[in-house]
> 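Encoded as structure tokens, here's the structure I'll be asking about.
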Protein chains: 2
Amino acid sequence: MQTRPWIQIAEDLRLRITSGEYAEGERLPSGSTLMGEYGVARQTIQNAVDQLRAEGLVSSIAGRGWFVSKRRPITRLARNRLSADERTAGRGAFLTDAAAADFTPTVTVRVWKEEAGEEVASYLDVPSGTQVLVRDRVMRADGDVVQLAASYLPADLVQGTQVEHVDTGPGGTYARLEEAGFALSHFTEFVSARSPRPAEAESLRIPHGHPVIQVTRVAFAADRPVEVNFISMASDRFQLVYQIDAR
Amino acid sequence: MQTRPWIQIAEDLRLRITSGEYAEGERLPSGSTLMGEYGVARQTIQNAVDQLRAEGLVSSIAGRGWFVSKRRPITRLARNRLSADERTAGRGAFLTDAAAADFTPTVTVRVWKEEAGEEVASYLDVPSGTQVLVRDRVMRADGDVVQLAASYLPADLVQGTQVEHVDTGPGGTYARLEEAGFALSHFTEFVSARSPRPAEAESLRIPHGHPVIQVTRVAFAADRPVEVNFISMASDRFQLVYQIDAR
DNA sequence: GAGTGGTCTAGACCACCCT
DNA sequence: GGGTGGTCTAGACCACTCT
């Protein structure tokens, strides 16, 4: 086998953590101590700890030490809440989640128009370069950024509606679309994950190496796509929940 | 702001790639060249490239160089295929996907019994320590490992059925469950992402730093959980697709 | 054999935290 | 001030690839 030292050290430390030798919230031995214990250089220990941090087992505080991560409560986001009932209740999806998970939500919105790039155009089934309305949103929970989202809608569809404004009114964009004659039939969500760019990681307060969940949601009105929404969120804080009928 | 050098270099290289200065599949300048260009040490360049690799923009071949990643075709896994129609068609989910995505599937299965740990017990709504049947599966596409899955079922539920054997027969576990009187009502899928352990990354052939999509699927028969399935797959190869009704 | 990526080492500096 | 994590440097070695 002969794995590299940093991998072996990571595996050993992982074992010591999961076996309970170091309890939740407890401090790991310092870098210098571990250098001595394993007889390796500083950087090698760092690599091992970086791995455990990416896995979510360890978090670090500069100047204090490495700590066994406390299992943070994970917010479960029920995706099937996009149903008409929830929508007409007058609250957007994020605000509904906030109520369920008990945090104070803030949403910062910027709105502008641009020409659709290739990806957006393909999701919306329009030619590249078509004018689209962009709704860029930063969602905070108790002040911390937790989700980034950018919606794209064909500009002619929402011309003169409240969707063009920062505040879309009760029920949000979807409610306004329905009023404009685009009754939503279904949503398609594409779910994946990726490593965030450093700037993104910093704004979402993601530990280095931690993945981001990437959801691309397309809203359809009578089989015509009317909105595509790109959503990013930290994978250590959120879990998506989908209900699938068996029949 | 004053970001660290490796972040700035990563950002610069990302720009040079996305702007098209280096085309898809093209080789980046060598480490030594970049050390000279940016006036930094080898390790700093390495850190920058590691970041781009985690983002999926760059892949590396030891002894050859760093290359701008070719956008691999992503296999979209339609989750709503868990419906009764698909199930009675006689093929498991993975084999259906294989047919759709055009690869040759292989599944290696190991089966055993053990006592349920805390997590499994809570998903199955049984006491910790209850006997469960474990079906551990390695799924390969054209020989490459692409998915790992481990199913847990209450042992008494499947006592004496074909589910206890490696080959569950046409329609798989779900078909056998229905025959045993447990008509499936719905599935709940919890979707998240995480950084793989090094060993896991190697077996799934995941570039270092690349996330794994983690799906936990619970099958219900008349509101009683009868199976929990933990599925891992590489996020650069798969995307999950969910259809959500709007009414 | 020369060039490449990947890793390890030893030493240094910084920002930060806790007396 | 002494300890801590995080980063950068300069130099080394290895496995690999392409002549």
Side-chain angles (χ1 to χ4, degrees), chain A residues 1-13 17 22 25-69 198-199 201-202 205-210, chain B residues 1-13 17 22 25-69 198-199 201-202 205-210:
Chain A
M1 189 50 143
Q2 84 112 6
T3 18
R4 289 87 92 205
W6 72 265
I7 292 185
Q8 285 202 1
I9 294 169
E11 261 159 22
D12 188 55
L13 287 175
I17 291 170
Y22 300 110
E26 198 175 331
R27 216 197 81 175
L28 293 183
S30 76
S32 326
T33 310
L34 291 172
M35 286 168 66
E37 273 189 42
Y38 291 104
V40 295
R42 177 170 198 68
Q43 189 67 51
T44 306
I45 297 293
Q46 192 78 291
N47 287 344
V49 173
D50 280 350
Q51 171 63 31
L52 298 180
R53 205 169 4 158
E55 290 176 25
L57 271 148
V58 167
S59 50
S60 58
I61 307 178
R64 293 203 42 203
W66 291 308
F67 299 85
V68 179
S69 291
E202 192 159 340
R205 283 204 180 63
I206 293 175
H208 183 238
H210 238 67
Chain B
M1 188 51 143
Q2 85 112 5
T3 17
R4 291 85 92 203
W6 71 267
I7 292 184
Q8 285 203 2
I9 294 169
E11 261 160 22
D12 189 54
L13 286 175
I17 291 170
Y22 301 110
E26 199 175 332
R27 217 197 81 176
L28 293 183
S30 76
S32 325
T33 309
L34 291 172
M35 285 167 66
E37 273 190 41
Y38 291 104
V40 296
R42 176 169 200 65
Q43 190 67 51
T44 307
I45 296 295
Q46 192 79 287
N47 287 344
V49 173
D50 280 352
Q51 170 64 32
L52 298 180
R53 204 166 7 156
E55 290 176 24
L57 270 139
V58 168
S59 50
S60 59
I61 308 179
R64 293 201 46 203
W66 291 308
F67 299 85
V68 179
S69 291
E202 192 158 340
R205 280 201 182 66
I206 293 176
H208 184 238
H210 239 67

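Note that the coordinates shown come from a computational prediction; the quantities given were computed from them, not determined experimentally. Keep in mind that the numbers below use all heavy atoms, side chains included, and drop hydrogens, waters and symmetry copies.
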> Grab the OH-P distance between B/Y38 and D/dC8 for me, whole Å please.
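Checked: the OH to P distance equals 14 Å.
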
> Return yes if a side-chain donor-acceptor contact under 3.5 Å exists between B/S59 and B/R53, otherwise no.
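On atom types as modelled, these side chains do not qualify, holding no pair under 3.5 Å.
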
> Taking the side chain as every heavy atom from C-beta outward, state whether B/L57 and B/W66 have any pair of such atoms under 4.5 Å apart.
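SC-SC contact between B/L57 and B/W66 ruled out.
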
> Measure CZ/A/R42 against C1'/D/dT4 and give the value in whole Å, please.
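One finds 8 Å between C1' of D/dT4 and CZ of A/R42, rounded.
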
> Could you tell me the separation between the CD atom of A/Q43 and the C1' atom of D/dG11, rounded to a whole number of Å?
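To the nearest whole Å, that distance equals 14 Å.
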
> Round to a whole Å and report the spacing from CD1 of A/I7 to P of C/dT7.
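Between P of C/dT7 and CD1 of A/I7: 7 Å.
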
> Indicate whether OP1 or OP2 belonging to C/dT7 is found under 4.0 Å from a side-chain N or O atom of A/R4.
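Checking A/R4 against C/dT7: at least one side-chain N or O falls below 4.0 Å of OP1 or OP2.
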
> Are A/R64 and C/dC18 close enough that a side-chain N or O sits under 4.0 Å from OP1 or OP2?
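True: A/R64 side-chain N/O within range (under 4.0 Å) of C/dC18 OP1/OP2.
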
> A/G63 or A/G39: which one's nearest nucleotide on DNA chain C is closer to the 5' end?
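In this pair, the answer is A/G39.
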
> Quick check on A/R27: does its CZ atom have over 12 non-hydrogen neighbours (other residues, nucleotides or ligands) under 6.0 Å away?
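Result for CZ/A/R27: enclosed.
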
> Under the criterion side-chain contact (heavy atoms from CB on, under 4.5 Å), I'd like the reasoning laid out for B/F67 against B/V58: C-alpha separation, chi angles, the key distance, then a yes or no.
CA-CA 6 Å; B/F67 299 85; B/V58 168; over 6 Å; no

> From the list D/dG6, D/dA10, C/dC18, which nucleotide is the closest neighbour of the side chain of B/A41?
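So the nucleotide nearest the side chain must be D/dA10.
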
> Quick check on contacts: within residues 44-53 of chain B, what sits under 4.0 Å from DNA chain D by heavy-atom distance?
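Result for residues 44-53 of chain B: B/T44, B/N47, sorted by number.
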
> Taking C-beta and beyond as the side chain, do A/Q46 and A/M35 meet within less than 4.5 Å on heavy atoms?
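No - every pair of side-chain heavy atoms lies 4.5 Å or more apart.
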
> Where the side chain of B/W6 is concerned, which of D/dT9, D/dC8, D/dA12 is the nearest nucleotide?
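Looking only at heavy atoms from C-beta outward on B/W6, the closest nucleotide is D/dC8.
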
> Can you list, in residue-number order, the parts of residues 25-36 of chain A that come under 4.0 Å of DNA chain D, counting heavy atoms only?
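Contacts with DNA chain D under 4.0 Å: A/R27, A/S30, A/G31, A/S32.
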
> Check for a donor-acceptor pair, side chain of A/T44 on one end and backbone N or O of A/W6 on the other, with a separation under 3.5 Å.
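Pair absent, no side-chain N/O of A/T44 close to backbone of A/W6.
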
> To the nearest Å, give me how far apart CD (B/Q8) and C1' (D/dC8) are.
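For the pair B/Q8 CD and D/dC8 C1', the rounded distance is 14 Å.
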
> Using the side-chain heavy atoms of A/W66, tell me which of these nucleotides is nearest: C/dT7, C/dG5, D/dG6.
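That would be D/dG6.
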
> Within the 4.5 Å heavy-atom criterion, are B/L13 and B/Y38 side-chain neighbours or not?
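Yes, side chains in contact.
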
> Considering only C/dG5, D/dT7, C/dC8, which nucleotide approaches the side chain of B/P5 most closely?
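Among the listed nucleotides, the one closest to the side chain of B/P5 is D/dT7.
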
> Rounding to an integer number of Å, can you tell me how far A/I61 CD1 sits from C/dA15 C1'?
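It is 15 Å, rounded to the nearest whole Å.
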
> Shortest non-hydrogen contact from A/H210 to A/E55?
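So the two residues come closest at CE1-C, 4.3 Å.
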
> Would you find a donor on one side and an acceptor on the other, under 3.5 Å apart, between the side chain of B/S69 and the backbone of B/G56?
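Checking the backbone N and O of B/G56 against the side chain of B/S69, a donor-acceptor pair under 3.5 Å is found.
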
